[in-house]
Structures are given as C-alpha cells and as structure tokens.
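Comments concern the structure below.
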Amino acid sequence: MTTPNANLPSHAPMQQFAVSGNDLIVGGMPLSRLAERVGQTPFYAYDRELLRARVAELRTALPAEIKLHFAMKANPMPAVVGFMSGLVDGIDVASAGELKVALDAGTDPREISFAGPGKRDPELRQAVAAGVLINVESFREVDILARISEELELPARVAVRVNPDFELKGSGMKMSGGAKQFGVDAEMVPELLARIGDQKLAFEGFHLFAGSQNLKAESICDAQQKSYDLACQLARHAPAPVRFLNLGGGFGIPYFPGEKPLDLAPIGTKLAQLGEQARRDLPDASLVIELGRYLVGEAGIYVTRVVDRKISRGQMFLVVDGGLNHHLAASGNFGQVIRKNYPVAIGNRMNSGNHESVNIVGPLCTPLDVLAHRMTLPSAMPGDLVIIFQSGAYGASASPQNFLGHPQVTEIVV
Ligand SMILES: *Cc1c(COP(=O)(O)O)cnc(C)c1O
C-alpha cells in the first residue's frame, strides 16, 4: 500500500535498540523470545545496558563535580530504582511511598532529597527520622519540622524550594514562574530563611526546578544561569552556608515527529562555568541536577499484542491487549494539548517491507484509547507484538490501571 513519506516530519530514529532479522533486541534477547519468557503481554521492559550507557553519556558531557540525581517519580519500579541508585549520586523522592522505595534500594539517606507540595505531617516525620534532605515548600512545613525536630531530638535537614520569577522556556510542562503550588515565591524566601534560622533547622541549600521535557539546550542553560544567580542573591539571607544547590533538570527526550535529541554539549559548558563561579560565590556548595525521563525514558519499551485486525470505513484498525490503562502518555492524555503519535513499531516485523496505514487502539471502551493514529507500519496480524518506544518514564505508574478492569501490566528489567 503506502510507504513512509520522506516529506513528513518523522520520529527520531530509535537506534538505542538493535534489530536482528525481524526482531527488536531487548536486553540481548529477540523480542519474540522475551515475550515468551515474560509469559504475558502487555509488559514494560527496561534495558539495564541502556540505563548504564545514559548515565555514562551524561558523566562524559557534564563536569565531574556536578552531582547527578534521579527523580524517581519518572520510574519508581523498585528494581529500576535499585539499579539507578548504584549509578547516580542521589535519588529525589516526592512522597513517603517513594522514600521507602529509595531506602529499600539501599540509597544512602544523605543522598536522598524529598520535594513535593502538600507533604503530610507523618511524611515529614518519617523524612526527619530517615535523615534525608527535605525541600521545604511552605511556612507550614518549617513550623511542623521545628516541632518534629524537637520531639525527635534530630534537627531536620532542609533546603528551600524556590518558585523563581522566571520559567524554563519551551518546556513540555512548566513548573515555575507566576503563581504555582510548588516551592515558595522567591520574594518570600528571605522571610522563610529567617524562620528556618529561628527554628534551628539544619539549612543546607536551595532547590529550583523550572520545568520539564525541554529539547532546547539554550533554554536549559538560560534557566540554569538564572537559577544560579537567584540562589546567590538568596544565599545572603541564609542562616548557614549553602551546601547543595539543586539547579533542577528539564532535559527532554524526542517523543514526536520532528523532535531532535537534546544537545548536551552546551549544557556541559554552562555547568562548567557555573561550577567555576560557585567555587568563588558558594565555596561549600555542590551543584546538583535532577533528571527523571532523560535518565530512564529511552531505555524502556511498552509491548502489547495484536488481538484483532479490522477495517472501518476504509481505515485499518489493530486492536491490542493494552492501551491507555497502562500507558496514558502514549494515548496523548497525560498533559498533551494535541495528541501526537509516540514512536511505534511492530517488534517482530522490524524488517518487513509490507507497509500499511493503521490506527492502533487499546481494548478500552473509550475513543481516548489510541496508541497510533494513521501511522505507516509493517502490516501486522493478531499475535504480533506492537511496541512503543520512549516508554521508560511516566508509564505504568502514571496510568489508570484499574480503568475498565483489564489485567495489570507487568514490568521487567533486562
Ligand atoms: C517531575 C520532577 C522531576 C523530573 O522531571 P523529568 O521531566 O522527568 O526530568 C524532577 N524534579 C522535580 C522536582 C519534579 O517534580
């Protein structure tokens, strides 16, 4: 029928996974065999070698003194967190539930930081007892931490999460600038710092997180410079020297047609400059960046099996055994304004030349359950394996698994 059109914007090539014959190779195994090994579809598979390679790539591109944290909300599977914990310099958690996973993984509590609006009193208490760094996001948190510190005879380790007066331009998701539920507005931070000093909490630094899913190195560098400058101004009001300056992250990965991978080189140069400045301005501080999807997103695929193949009014539909219940983001319902296709392939027909235009839909009784809209792919039959690339972040844990009562997805690390 049709062949891929060279004039339309295409997805970035998914070269992180090799192909042998017709099969994608995942964790060193042909996908058809891996699916037998797992014993069920749908499943997510995360490739250890790719996780390791991504961290190595960052270490090469960024100055050695930059501390690399994994924001585990991107992929909280315990085996992934355990593996990542051995590769990065720290884990960022956003709930007591995530804190437990990070501690169970063997992460040193000194290398764990806890952010998030609406931290409940028991969560704060657990965090103080664990000895992790708490990114405070309100005056209330400071007062509660003061009481807990007294009761436990253990000063809470705190950093201030700042809501800056700028944003990360061109982000998939803005998380700063203007009125936000995250952090404390920069202009109120001096007062908060005074309160932290009065309450004798152990002040350790600042946390600024300007946005997410950004593919423009220039915008990321700009936000890093502004974050650094703001932290230096605020540090004058701090009750103790800054030991950690968390400059956030925001590094994106290419999901949609026309998107290109992020260029790390300019970010490496910028962070080297800031490291240099920090040795002068904030001599006790380590610079930290915290990344979620950039570390794990490209190392994972979602695998689902074709159940049915049918034509409706001239369009081909493949119905597969999982959809938005397991992978909300690929269906376009996790914060996207306009639905676009993730990179999709037929994992056991990678070299088939027989293409057709298809819609791939999940088994849910809702028109929102679309995994591919009119994509040109090798012709697939019931039993074939549809895969979605770029699925290592915000997959299983970010999807409404109970919606419509289909089986839960399984996750493996290979
Ligand atoms: C979500 C989040 C991250 C991770 O964002 P990614 O886009 O996955 O890199 C990091 N830090 C904070 C504070 C977050 O809320």
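Order of appearance sets the numbers: ligands from 1, and atoms from 1 within every ligand.
Heavy atoms from other residues, nucleotides or ligands lying under 6.0 Å from CZ of Arg374 number 12 at most. Other residues, nucleotides and ligands place more than 12 heavy atoms under 6.0 Å from the CD atom of Gln40.
Between Tyr294 and ligand 1, no pair of N/O atoms sits closer than 3.5 Å. Geometrically, ligand 1 and His207 share no nitrogen or oxygen pair separated by less than 3.5 Å. Where the criterion is an N or O separation shorter than 3.5 Å, residue side chain and backbone included, Lys73 meets it with respect to ligand 1. The distance criterion of under 3.5 Å between nitrogen or oxygen atoms is not met by Ala74 with respect to ligand 1.
The side chain to side chain contact (heavy atoms under 4.5 Å, CB included) test with Ile301 is passed by exactly one of Ile388, Asp47, Leu24: Leu24.
Less than 4.0 angstrom separates some heavy atom of Ala71 from each of these atoms of ligand 1: 3 (C), 4 (C), 10 (C).
Counting only distance, with no hydrogens or angles, the side chain of Asp308 and the backbone of Val319 share no donor-acceptor pair below 3.5 Å. For Asn75 (side chain) and Ala393 (main-chain N/O), no donor-acceptor pair under 3.5 Å exists by modelled atom type.
Residue contacts with ligand 1 include Phe209, since one or more of its heavy atoms lies under 4.0 Å from the ligand. Within the 4.0 Å heavy-atom shell around ligand 1 one finds Tyr394.
At a 4.0 Å heavy-atom cut-off, ligand 1 does not touch Glu137 at all.
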Open item on the list: Between Glu150 and Arg147, is the salt bridge (Lys or Arg N to Asp or Glu O under 4.0 Å) condition met? List the steps.
Closed with: CA-CA 5 Å; Glu150 219 174 271; Arg147 197 190 71 220; over 6 Å; no

